[in-house]
Every structure is written in structure tokens, then in C-alpha cells.
Amino acid sequence: MAQRISLTRYLVEQQRIDGLIPGQLRLLLEVVARACKGISQAVNKGALGGVLGSAGTENVQGEVQKKLDIIANEVLIEANEWGGHLAAMASEEMAGIHPVPNRYPQGEYLLLFDPLDGSSNIDVNVSIGTIFSVLKKPAGLAGVTEADFLQPGHAQVAAGYCVYGPQTTLVLTVGDGVAMFTLDREQGSFVLTQQNVRIPEDTREFAINMSNMRHWDAPVRRYIDECLAGKEGPRAKDFNMRWIASMVADVHRILTRGGIFMYPWDKREPDKPGKLRLMYEANPMSWIVEQAGGAATNGHQRILDVVPTGLHERVSVILGSKNEVERVTSYHG
Ligand code: P6P
């Protein structure tokens, strides 16, 4: 049997190769991975753990919070507060930033996360996940403010997600490609199961919520109409459709076999550029996709080049197989 490489060994050996994982960042990534193990345990308990259903509260987005949304958020906060690697955290579930309490040492990193993405799927036992993004705190001023977080996605130093599905799999990049680690529940550790992940540049599979078709802008409508026209249409090939309504699961499929994922602007809420959040959903997923040879735009520019103006701002997302993303983006031209 091939030698099993743990997450810890991978991080140590990668640091020797390209120096992209200094000690504090390695500690951060191992703490986040340990928190994801805890979240996976809570998710797996389901009804047996009394963790299903709504918490009866709303988050800053005005969305009903599931019990597991709050549990996952608390697990990530508690796991990361004491280590001395972070200056502050930001979460989809919290209105403002969460500075590391003064009783703990301050670090040089900023951690952003969607603690449990796709939580509408929790109660129906469909894959969900945690998405995280790591930035460096700007040098200089003591203390930390929300403005320190408002960096474009290309400034990330690490990004990843953990999908809680048939397997619990952690997917990670620090800028030298994408690696996947599967949780070995018997050992309680993440084991390297794939590295140098590559997304095929072409695909026959698109992911979009078709119920919104009448609200889409013309370029998106044109692209999907052409896919639906199949062999007889301008694409001269048939397409398949998937929509799990859990970004982590849809993106994981695309990393595994290719595809294009779209949550574009639509006219239901014309003042919002899209549904998905830039800082802790689109940016980490876009960097991972680009690191795997894919592309990610908002229809007009690379998502990683969008300059954020707010912690919870939204963005239109078109990501996945490079040639398809470029085609949709060209239609917006
Ligand atoms: P809809 C989950 O709530 C999420 O933020 C993403 O994970 C997912 O891709 C999208 O929203 C699903 O949205 O409108 O299809 O339910």
C-alpha cells in the first residue's frame, strides 16, 4: 500500500519545497482542519445529535440560521482564538469582525469563513461544507479593523474547503496547486489522497439553478440556451446539468471531473451583483479553481481582481472549466 501522508507531513514537506507555509500558517491550517473534523462529527450525528432544524435566529444576511450554522461557527471561533496565529476572524454568520481576545497572543493572519455552506441541505442529508480564506494582516498599525480584511482575492495566502459528504474531504491551496485530503475516521486524521488537481478545460456539464432562467441577463440566457440546444445547436454537443444547491459540493464535482458553475446576477434583486459572497465563498473557491487550471469571473473580470468594499458583499460567480468560463465571459463582452 502506498505510504500514507498526513496533512501535517504534507504541510511540513511543502514548506521545505517552496516556503509557502511558514510555521504560523501551518498551525492555522492544522487548527482549521481539526475544527472541520469536529464539524464533520456534529454533521454526521444529524437527528441523533439534536443538531437539525433552525436555531430560530437570523444571520447578518437576513437568512434563517440552522442550529449547525451556529455550532460550526462556534467551533471555528473557539479552535482559532488561542493559537497566536490570528489577528481576527470574519464569518458569514457574524455581522462584524471577531478580533482575537486580548487574553490571547495576536498573530499576523486573518481568517474568513462560511462555517457551513449549503445549510438548506442539512435537514435533507445532502452534502454541505465549510469554506475558508486566509489573508495576511496589513503591516503597521496596531489592532485590526474591518478595512484590513478588504483585500482582493489575489492577496490570499491560503484557501480551502471541507466537504461533508460520503467522505469528509479537505481541499487546500497555498498557491502551489490543489491538494485533497480524505478524513480517516479510524485514525482521526486527514490523509493526502490527491495532489496537483487539474480541471479539464472543456466540459459537457453545467451547474445553475434553472428556476431563475426568466430572471437572467441575456449573456447567461444565451449560453444556457446553446447548451440546451445540444448536438443540433451551435455547440454541436449535448450537455448534462447538475445543481446540488451546495456550492462546496458543486465545486468539488467540478474539481473532480470538470464543469461550469454559475450563480449570476439576476433581476430578482437588481441592486445585488449576485447571491454568493465575495470574501468567504467566491474568493477562496475562485483561487482553488484557478490553481487547478480553471477560471473564475463575475462575467466581466477575474473574481480574484475584484476590490472589495464590504465584508459581506456579494458577487456574480462563473467558475470551472477554463474554456467554458471564457466563452460565457466573452458573451458579456
Ligand atoms: P439556491 C447555499 O445557500 C448557497 O449559498 C450556495 O452554497 C449554493 O450554491 C446556493 O446558495 C444555492 O442557492 O438559490 O439555488 O438555493
Side-chain angles (χ1 to χ4, degrees), residues 36 39 43 52-55 57-73 90-94 112-133 159-165 169 171 205-217 220-221 224 241-256 259-270 272-289 294 296-299 303 311-320 325 328:
C36 288
I39 295 168
V43 167
L52 299 184
S54 295
T57 51
E58 284 190 356
N59 65 14
V60 64
Q61 332 283 344
E63 295 166 338
V64 172
Q65 288 179 305
K66 301 284 191 181
K67 289 177 190 166
L68 270 170
D69 282 324
I70 294 173
I71 292 167
N73 194 62
S91 165
E92 178 187 78
E93 302 303 331
M94 300 187 297
L112 303 94
F113 46 82
D114 179 353
L116 206 56
D117 179 70
S119 47
S120 62
N121 284 315
I122 295 172
D123 297 346
V124 295
N125 199 9
V126 169
S127 298
I128 49 184
T130 297
I131 309 172
F132 63 92
S133 171
Y161 65 81
C162 192
V163 52
Y164 312 114
T169 301
V171 177
E205 196 160 65
F206 66 87
I208 195 167
N209 183 335
M210 291 294 286
S211 70
N212 300 327
M213 178 177 266
R214 65 188 182 283
H215 305 305
W216 296 334
D217 219 354
V220 172
R221 183 68 188 262
I224 296 296
M241 196 215 95
R242 286 285 183 274
W243 188 250
I244 304 174
S246 178
M247 186 186 197
V248 173
D250 280 313
V251 169
H252 193 72
R253 184 190 58 255
I254 288 168
L255 276 169
T256 307
I260 181 169
F261 170 96
M262 300 166 74
Y263 212 115
W265 171 93
D266 70 48
K267 57 178 186 276
R268 288 175 295 169
E269 296 187 273
K272 288 183 182 172
K275 172 179 184 182
L276 302 179
R277 290 79 172 184
L278 174 65
M279 298 303 295
Y280 40 78
E281 289 176 334
N283 273 343
M285 290 307 205
S286 296
W287 196 29
I288 290 168
V289 163
T297 76
N298 62 2
I303 284 176
L311 199 55
H312 300 290
E313 81 177 61
R314 298 168 189 264
V315 68
S316 173
V317 177
I318 301 163
L319 61 76
V325 172
V328 179

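Order of appearance sets the numbers: ligands from 1, and atoms from 1 within every ligand.
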* For Met247, does its backbone N or O pair with a side-chain atom of Asp117 as donor and acceptor, under 3.5 Å? -> yes
* Asked: Between Asn121 (side chain) and Ile244 (backbone), is there a donor-acceptor pair under 3.5 Å?
  -> yes
* Structure fact -> Contacts for ligand 1, heavy atom under 4.0 Å, by chain and number, are Asp117, Gly118, Asn209, Trp243, Ala245, Ser246, Met247, Phe261, Tyr263, Lys275, Leu276, Glu281
* **Salt bridge present between Glu92 and Arg277 (N-O < 4.0 angstrom)** => yes
* Flag side-chain contact, heavy atom, 4.5 Å: Phe113 against Tyr161 -> no
* Side chains of Glu58 and Gln65: is there a donor and an acceptor less than 3.5 Å apart? -> no
* Report the residues that fulfil side chain to side chain donor-acceptor pair (under 3.5 Å) with Asp69, sequence neighbours left out, ordered by chain and then residue number. => Ser119
